[in-house]
Amino acid sequence: MGKTAAESHWILLEVYDEHALAEQTCRKWFARFKSGDFELDDKERPGQPKKFEDEELQGLLDIDSCQTLQELATSLAVDLSTVGKRLKTMGMIQKQG
């Protein structure tokens, strides 16, 4: 192998064109792997605290698992996209296609 992050990014661009990851992301992953960190999950990062806990969402789903995203968002007083993202991180929905 022996490729640099920039060389690898160029190869990815040739194969995936505009769908390739950004060079900055490629460099970040190279640095992570070089340091011995092979964990593929995203790391916790500082930022805005959660608007609600997963247990709140799970409780609503336990009561009625057929609720729509809009109903869940209204119950939790958050944006629809917030509920969708949380459900995805909880492994309850997957992107199709």
Side-chain angles (χ1 to χ4, degrees):
M1 287 249 282
K3 303 263 185 251
T4 66
E7 290 168 331
S8 296
H9 180 255
W10 181 251
I11 292 168
L12 290 170
L13 280 174
E14 288 179 337
V15 173
Y16 295 106
D17 198 26
E18 74 266 7
H19 300 290
L21 67 148
E23 184 173 353
Q24 180 74 15
T25 304
C26 194
R27 289 180 186 279
K28 179 183 81 172
W29 282 101
F30 260 69
R32 187 183 248 185
F33 293 150
K34 189 174 183 177
S35 72
D37 180 1
F38 297 97
E39 182 64 42
L40 298 178
D41 294 328
D42 287 334
K43 305 289 185 216
E44 287 290 325
R45 6 175 224 205
Q48 188 175 18
K50 289 183 177 181
K51 296 179 191 271
F52 61 91
E53 295 299 319
D54 292 346
E55 292 78 24
E56 286 181 84
L57 179 55
Q58 187 62 57
L60 290 171
L61 292 169
D62 289 345
I63 293 168
D64 179 5
S65 62
C66 295
Q67 294 179 72
T68 65
L69 285 176
Q70 185 60 57
E71 290 169 330
L72 293 167
T74 300
S75 296
L76 295 165
V78 296
D79 188 70
L80 184 97
S81 65
T82 303
V83 176
K85 288 174 189 172
R86 189 65 61 82
L87 285 171
K88 186 175 179 186
T89 61
M90 292 170 69
M92 300 185 103
I93 58 173
Q94 296 178 350
K95 184 176 181 181
Q96 292 191 11

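When every heavy atom of T4 is checked against every heavy atom of E7, the shortest pair comes out as N-OE1, 2.8 Å. The minimum heavy-atom distance linking R27 with A6 is given by the pair NH2-CB, 3.8 Å. Here the closest heavy-atom approach between residue C26 and residue A5 is recorded as SG-O, 3.5 Å.
If you take CG on L12 and CD on E23, they are separated by 10.5 Å, rounding to the nearest 0.5 Å. Annotation: the span from W29 atom CH2 to Q24 atom CD amounts to 13.5 Å, rounded to 0.5 Å. The distance from atom CE of M92 to atom CG of D54, rounded to the nearest 0.5 Å, is 9.5 Å. The line from NZ of K3 to CH2 of W10 is 13.5 Å long, rounded to the nearest 0.5 Å. Taken from CG in L87 to CD in Q58, the straight-line distance is 9.0 Å, to the nearest 0.5 Å.
Results of the side chain to side chain contact (heavy atoms under 4.5 Å, CB included) test with R86 over L72, V78, L57 single out L57 as the only residue that passes.
Following chains of ILVMFWY side-chain contacts shorter than 4.5 Å, one can reach L80 starting from V83, so the two form part of one hydrophobic cluster.
A heavy-atom distance below 4.5 Å is not found between the side chains of T82 and L76.
Looking at D64, its side chain does come within 3.5 Å of a backbone N or O of C66 through a donor-acceptor pair. Without hydrogens or angle criteria, S35 side chain to R32 main chain gives a donor-acceptor distance under 3.5 Å. Using a distance-only test at 3.5 Å, with no hydrogens or angles considered, no donor-acceptor pair links the side chain of S65 to the main chain of L61. In this structure, the side chain of H9 engages the main chain of L21 through a donor-acceptor pair within 3.5 Å.
Other residues, nucleotides and ligands contribute over 12 non-hydrogen atoms within 6.0 Å of the CD atom of E14.
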